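Being a predicted model, the structure only gives us computed values, none of them experimental. Below, chains carry the letters A, B, ... as their sequence lines are ordered, and counting in each starts from 1. Below, each value reflects all heavy atoms present in this structure, side chains not excepted, and no hydrogens, waters or symmetry copies.
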Number of protein chains: 2
Amino acid sequence: MKTDTVFKRAFNDALGLIARLPDGAPLPSENRLGAELRVSRTTVRKVLTALAERGVVSGEGRRRLVRAAGRAAVEPFPEVETVPMAAHVERSFMEWTLRDDVRPGTAINERELARRFGVATTGIREFLNRFQRFGLIEKRPNAGWVFKGFTPSFALELFEIREMFELRSARAFAGLPAESPKWRQLGELRQEHLDLLGDVDRRYHDFSDLDSRYHRLINSAAPNRFIDSFFDVITLIFHYHYQWRKHDERERAAVAIREHLTYIEALFTRNIAIIELACRAHLATARETLIRSTAREKAFGGGSGTARAAGGPA
Amino acid sequence: MKTDTVFKRAFNDALGLIARLPDGAPLPSENRLGAELRVSRTTVRKVLTALAERGVVSGEGRRRLVRAAGRAAVEPFPEVETVPMAAHVERSFMEWTLRDDVRPGTAINERELARRFGVATTGIREFLNRFQRFGLIEKRPNAGWVFKGFTPSFALELFEIREMFELRSARAFAGLPAESPKWRQLGELRQEHLDLLGDVDRRYHDFSDLDSRYHRLINSAAPNRFIDSFFDVITLIFHYHYQWRKHDERERAAVAIREHLTYIEALFTRNIAIIELACRAHLATARETLIRSTAREKAFGGGSGTARAAGGPA
DNA sequence: AAACTGTTTTTTATGGAATAAAATCCAACG
DNA sequence: CGTTGGATTTTATTCCATAAAAAACAGTTT
């Protein structure tokens, strides 16, 4: 059966929305709410019914009002029930590979993962098919999947492409006309970097998101769907990687922020040679960090997961 | 239920194998047959049983013999029953978009495609999830898929990446040591090009495959999973594109072969500047061909398929 | 008429079951 | 002892059913 995470997320968001309205205020129209909550009217109506049942809104049809009295008592749905299955599976999979230190070459068993993650095999299959493009798994028809692993060669291949793409985008960015709004956005990001650097001891874990937004801005100078798609790979890898390798996290973030700032200044000069220098320097550091971490993963023992040997049929 | 295309394909291949053996010859062991037919022993045994039923082999266990008498009478399974569902869906989808001239922005309806292609919706979903990375479709959660189309911008973005990758690989190829076996392979491919050019009037449709093998050899000089994956996109697009746009096909193939030959000679010089020149020239021609064809597709009317408007929920 | 809500239809997401194919285990043969 | 074939177990593929969500349709109200 389809999960109702969409409804539950929308319900929770609606609670937040209502909290900002005064007692007795009229509710926005169903269409407006739909746009706000990013769901169809069907789901909006379901949310409204649920809110009415809990006494947070009163009235019917066009005459629905906010009831402040009920607001405090209403429990939102627990966070876990609002995450879509696809996201849950992705997260579970990445954590499985990282926590259990799954070895390169390990066979992936659909049924076992389904059991482990608490979903039907269909969900696993769908995830694996989508995830294939990330280069970490490989399909052997009629014989399952193989986990190829966070190996040093994975990191090297990833960064070879990343460097090509990033240099190309940085050059495109430098060529943007002075009146492009992207220069302003770049300035804003510079400020965000400075703010984060000033408070890096407490907020270093915010860097992952800032990093992604920065590189996304650079890429947006000359959009290309294949580059965007590749950047999804980077984002995913770094997201989980940062989450998992806590060692020296603060220090690594601080270094990266400073490199970004140099890179940003370089962009403002619009001098290609200077830009390439800053860009390459930053990517080299990032590559070293990732490679060091893959090597470490390999050196450690462990590897609990499914471990059927992986070879062709026959 | 799982299809038995693997069995049927193996059965047909086994018939071909047996045709080459003399009457009364002993059959290879089950393991050997499995390796030959590229299936598991389970399937080999199923094939052997089927062959025995049809009187093409006699005996049991280790004492199975070829019976020439029966061979001629045995019908192989029809070709269609030997193609795996995934391949069938892919082909149907590509033909659908090309033949019906599906417009950019058209919503893709899982059920309708399932009916049209004669498979369950699961098969369509799986295909779409895998196919997403090709950049021709896009998913809108809970609201289906959109066909983004063979637009000129698709062709431009495709070729921007292709050029980056191909130049990089060509440079790597030029740097291979003289004793690398790839130089010999390159020489063999040069000969194949010459052969094909000599008989291009009859064999121009063989170019698609040669093209793919040639570029794959170049890429193999410095393997990178992301480049290999991107090359799958190219291969698919060109495969169907060549199959569908028959106009000037012979002429286009002849031009491309000549460009390849120039490119190959350039590689043998190992002079980077010359190589880049030849490579860029070839890619420029290919890009023009593809762009011309996308423009044409857009100019024509038609667009029969599912045509629900594509927008976000609400 | 435009924007809204009530109702119905269509479509997607997900679990489950049945079968093909692969993998494994085991006894017998050479 | 290594290889082969027979029997069994495990796993992947595929179809189907059902609930959630979106979309379309049809009146109402302002």
**OP:** Measure the spacing between CD of Gln243(B) and NE2 of His239(B) and express it to the nearest 0.5 Å.
**Re:** 4.0 Å
Original post:
Given dA21(D), dA22(C), dA21(C), which nucleotide is nearest the side-chain atoms of Phe7(A)?
Top reply: dA21(D)
Original post:
How far apart are the C-alpha atoms of Arg133(B) and Asp232(B), what are their side-chain angles, what is the distance that settles it, and do they pass the salt bridge (Lys or Arg N to Asp or Glu O under 4.0 Å) test?
Top reply: CA-CA 10 Å; Arg133(B) 76 189 176 94; Asp232(B) 291 343; 3.5 Å; yes
Subject >> Rounded distance in Å - CZ (Arg116(B)) to P (dT11(C)) >> reply: 13 Å
Original post:
To the nearest angstrom, how far is Phe117(B) atom CZ from dC15(D) atom C1'?
Top reply: 18 Å
Subject >> Candidate nucleotides dT5(C), dT4(D), dT12(C), ranked by approach to the side chain of Arg111(B) - the nearest >> reply: dT12(C)
Original post:
Closest nucleotide of DNA chain D for Gly61(B) versus for Pro84(B): which of these residues is on the 5' side?
Top reply: Gly61(B)
**OP:** Mind calculating the distance between CG (Leu33(A)) and C1' (dT5(C)) to the nearest angstrom?
**Re:** 13 Å
**OP:** Mind listing the closest non-hydrogen atom pair of Ala25(A) and Leu21(A) along with its distance?
**Re:** CB-CB, 4.4 Å
Original post:
Touch check for Lys8(A), heavy atoms < 4.0 angstrom, all strands: base, sugar-phosphate only, or nothing?
Top reply: nothing
Subject >> Proximal nucleotide (of dA22(D), dC4(C), dT13(D)) relative to the Arg32(A) side chain >> reply: dC4(C)
Original post:
What pair of heavy atoms forms the shortest contact from Ala10(B) to Val39(B), and how long is it?
Top reply: CB-CG1, 4.1 Å
**OP:** Anything under 30° is parallel, anything over 60° is perpendicular, the rest tilted; go ahead and classify Phe127(A) against Phe93(A).
**Re:** tilted
Original post:
Looking at the side chain of Asn31(A), which of dT4(D), dA22(D), dT5(C) is the nearest nucleotide?
Top reply: dT5(C)
**OP:** Measure from NZ on Lys2(B) to C1' on dC15(D) and round the result to the nearest Å.
**Re:** 14 Å
Original post:
Does any N or O donor sit under 3.5 Å from an N or O acceptor when you compare the side chain of Thr42(B) with the base of dA23(C)?
Top reply: yes
**OP:** Look at all strands and tell whether Glu110(A) reaches a base, only sugar-phosphate, or nothing, counting heavy atoms closer than 4.0 Å.
**Re:** base
Original post:
Quick one: on DNA chain C, does Thr5(B) or Thr5(A) contact a more 5' nucleotide (nearest heavy atom)?
Top reply: Thr5(A)
Between the protein and nucleotides 15-17 of chain C, which nitrogen or oxygen pairs are less than 3.5 angstrom apart?
from, atom 1, to, atom 2, distance (Å)
dG15(C), OP2, Ala120(A), N, 2.9
dG15(C), O4', Met1(A), N, 3.2
dG15(C), N7, Thr122(A), OG1, 3.2

**OP:** State which of dA20(C), dT12(C), dT5(C) makes the closest approach to the side chain of Glu30(A).
**Re:** dT5(C)
Subject >> Between dT12(C) (P) and Ile108(B) (CD1): distance, integer Å >> reply: 10 Å
Original post:
Heavy-atom count around Arg213(A) CZ within 6.0 Å, excluding the residue itself: above 12?
Top reply: yes
Original post:
In whole angstroms, how far is the C1' atom of dT13(D) from the CD atom of Glu126(A)?
Top reply: 15 Å
Subject >> Parallel, tilted or perpendicular: rings of Phe131(B) and Phe134(B) (30°, 60°) >> reply: parallel
**OP:** Check whether any side-chain N or O of Lys139(B) sits under 4.0 Å from OP1 or OP2 of dA13(C), and answer yes or no.
**Re:** yes
Subject >> nucleotides 25-30 of chain C: protein proximity per nucleotide (B base, S sugar-phosphate only, - neither; heavy atom, under 4.0 Å) >> reply: ---B--
**OP:** Using atom CG of Leu37(B) as one end and atom C1' of dA21(C) as the other, report the distance to the nearest whole Å.
**Re:** 14 Å
Subject >> Options dA21(D), dT12(C), dA22(C), nucleotide nearest the side-chain atoms of Thr43(A) >> reply: dA21(D)
Subject >> Asn142(B) side-chain N/O to dA23(D) phosphate OP1/OP2 under 4.0 Å >> reply: no
**OP:** Quick one: pull up CD in Glu90(A) and CG in Leu236(A) and give me the separation to the nearest 0.5 Å.
**Re:** 5.0 Å
Original post:
Given that Trp145(B) and Val44(B) both sit by DNA chain C, which one's nearest nucleotide is further toward the 5' end?
Top reply: Trp145(B)
Subject >> Aromatic plane relationship, Trp96(A) with Phe117(A) - under 30° parallel, 30 to 60° tilted, over 60° perpendicular >> reply: perpendicular
Original post:
Taking everything shown except Arg67(A) itself, do over 12 heavy atoms lie less than 6.0 Å from its CZ?
Top reply: no
Original post:
In whole angstrom, what separates Asn109(A)'s CG from dA23(C)'s P?
Top reply: 12 Å
Original post:
Is atom CZ of Arg216(A) surrounded by more than 12 heavy atoms (other residues, nucleotides or ligands) closer than 6.0 Å?
Top reply: yes
Subject >> Polar side-chain contact Ser40(A)-dA21(D) base: donor and acceptor under 3.5 Å >> reply: no
